[in-house]
2 protein chains.
Amino acid sequence: MAESAEIVESEESCAALRSILSRVGEKWAPVVMTELVTEPRRFNELRRRLAPITQRMLTATLRGLESDGLITRTVHPTVPPQVEYGLTDAGRELLAILSGVARWTDRHLDAIHTARQASRGR
Amino acid sequence: MAESAEIVESEESCAALRSILSRVGEKWAPVVMTELVTEPRRFNELRRRLAPITQRMLTATLRGLESDGLITRTVHPTVPPQVEYGLTDAGRELLAILSGVARWTDRHLDAIHTARQASRGR
DNA sequence: CCGTATCCCCGTGGATACTG
DNA sequence: CAGTATCCACGGGGATACGG
């Protein structure tokens, strides 16, 4: 790699990057992952902690994250049914990277607001 | 901070994080920023390099990135008009963080594909 | 308890045509 | 050259109701 900040390495990895960025850019994805960072949690546990999320959106978010290998879904065949969601190692790594984005965001809160105000004016 | 991987620091920074993640998760945002990493570029220059992007989407993407303070838009009042887009320092920093996400994506390409195949089956 | 199914609104993103 | 304007298809995302 000649350029240090070069991002795209191939067509495939570019597409994968976009899909991951838009995945974690979904409305509830970051908070759901954050909820799972300390320990696995059950569906309604997440639902309560993430209120006012709807069941539908919680399900959709969990399925999406699962389909990208970021979280696991474990069904315990008990009565009543019990399902646990947890971060995969990959998901934990990605979350650590995202916390870098969070720190960037905090550092630039002022600049973001200023830029938005400016574009308001036009 | 007790937990090392904790992301959200406040309501405001949480909202800002989400908005930034969804911004860079937009379809053309990452490639547009990457195009500007080495030097500022003009509108049609970007249009050619990012083909088959449409004018409309290029404009929309540039406006969005500008409104978050990630790129600058400089108009040179010449005939014909000349407009240059460039990364801000903040944008350059963010791009560096995103390259971390790109590396993560490359490392986990296999896992992503496997997870997607698995969720296909259901 | 853990979801699906249905309905509906709205924003994203594409094609095409037109303008300062 | 650097955009706007218009139209349209699609999917994200919310409310509510029902099922295993």
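Each chain gets a letter, A, B and so on, in the order the sequences are listed, and its residues count up from 1. Side chains included, hydrogens not; waters and symmetry mates left out as well; all remaining heavy atoms used.
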Exercise. Please confirm whether the backbone N or O of B:Ala29 pairs with a side-chain atom of B:Thr61, one donor and one acceptor, at under 3.5 Å?
Key: no
Self-check item: Residues forming a side-chain hydrogen bond (donor to acceptor under 3.5 Å, both in side chains) with B:Arg107, sequence neighbours excluded
Solution: A:Glu93
Quiz item: Rounded to the nearest Å, what distance is computed from the CD atom of residue B:Glu26 to the P atom of nucleotide D:dG11?
Solution: 18 Å
Exercise. May I have the distance from A:Glu84 (atom CD) to C:dG3 (atom P), rounded to whole angstrom?
Key: 12 Å
Self-check item: A:Arg41/A:Glu35 ion pair, N-O < 4.0 Å
Solution: yes
Quiz item: Within the structure, does a side-chain N or O atom of A:Arg63 lie under 4.0 Å from either OP1 or OP2 of C:dG3?
Solution: yes
Quiz item: Is the shortest side-chain N to carboxylate O distance from A:Glu26 to A:Arg23 below 4.0 Å?
Solution: yes
Quiz item: Atom CD of B:Gln82 and atom P of D:dC1: how far apart are they, to the nearest Å?
Solution: 10 Å
Self-check item: Minimum-distance nucleotide (side-chain atoms of B:Arg42 versus C:dG13, D:dG13, D:dC1)
Solution: D:dC1
Practice problem: Examine the side chains of B:Arg116 and A:Ser19 and answer whether a donor and an acceptor come within less than 3.5 Å of each other. | Solution: yes
Self-check item: Length of the CG-P vector between B:Leu58 and D:dA2, whole Å
Solution: 10 Å
Practice problem: Take the protein atom CG of B:Leu50 and the nucleotide atom P of C:dG13, then report the distance between them rounded to whole Å. | Solution: 14 Å
Quiz item: Nearest-Å distance, CG (A:Leu62) to C1' (D:dG13)?
Solution: 15 Å
Quiz item: Is any side-chain nitrogen or oxygen of B:Tyr85 closer than 4.0 Å to OP1 or OP2 of D:dC1?
Solution: no
Practice problem: Could you check how far CD of A:Gln55 sits from C1' of C:dT4, rounded to whole Å? | Solution: 10 Å
Quiz item: Is there a side-chain contact between B:Pro81 and B:Val75, using heavy atoms and a 4.5 Å cut-off?
Solution: no
Self-check item: Nearest to side-chain heavy atoms of A:Pro81, which nucleotide of C:dG14, C:dA17, D:dG20
Solution: D:dG20
Self-check item: Integer-rounded Å distance: D:dG14 P and A:Ile53 CD1
Solution: 8 Å
Quiz prompt | Side-chain heavy-atom pair A:Arg42, A:Val83 within 4.5 angstrom cut-off | solution = no
Dump every N/O contact between nucleotides 5-10 of chain C and the protein below 3.5 Å, one line per pair.
none

Exercise. Determine: side-chain N/O of A:Arg73 to OP1/OP2 of C:dG3, distance under 4.0 Å, yes or no.
Key: yes
Self-check item: Nearest-nucleotide pick for B:Thr54, side chain only, options being C:dA15, D:dC1, D:dG3
Solution: C:dA15
Practice problem: Tell me which nucleotide among C:dC2, D:dA2, C:dG14 gets nearest to the side chain of B:Val83. | Solution: D:dA2
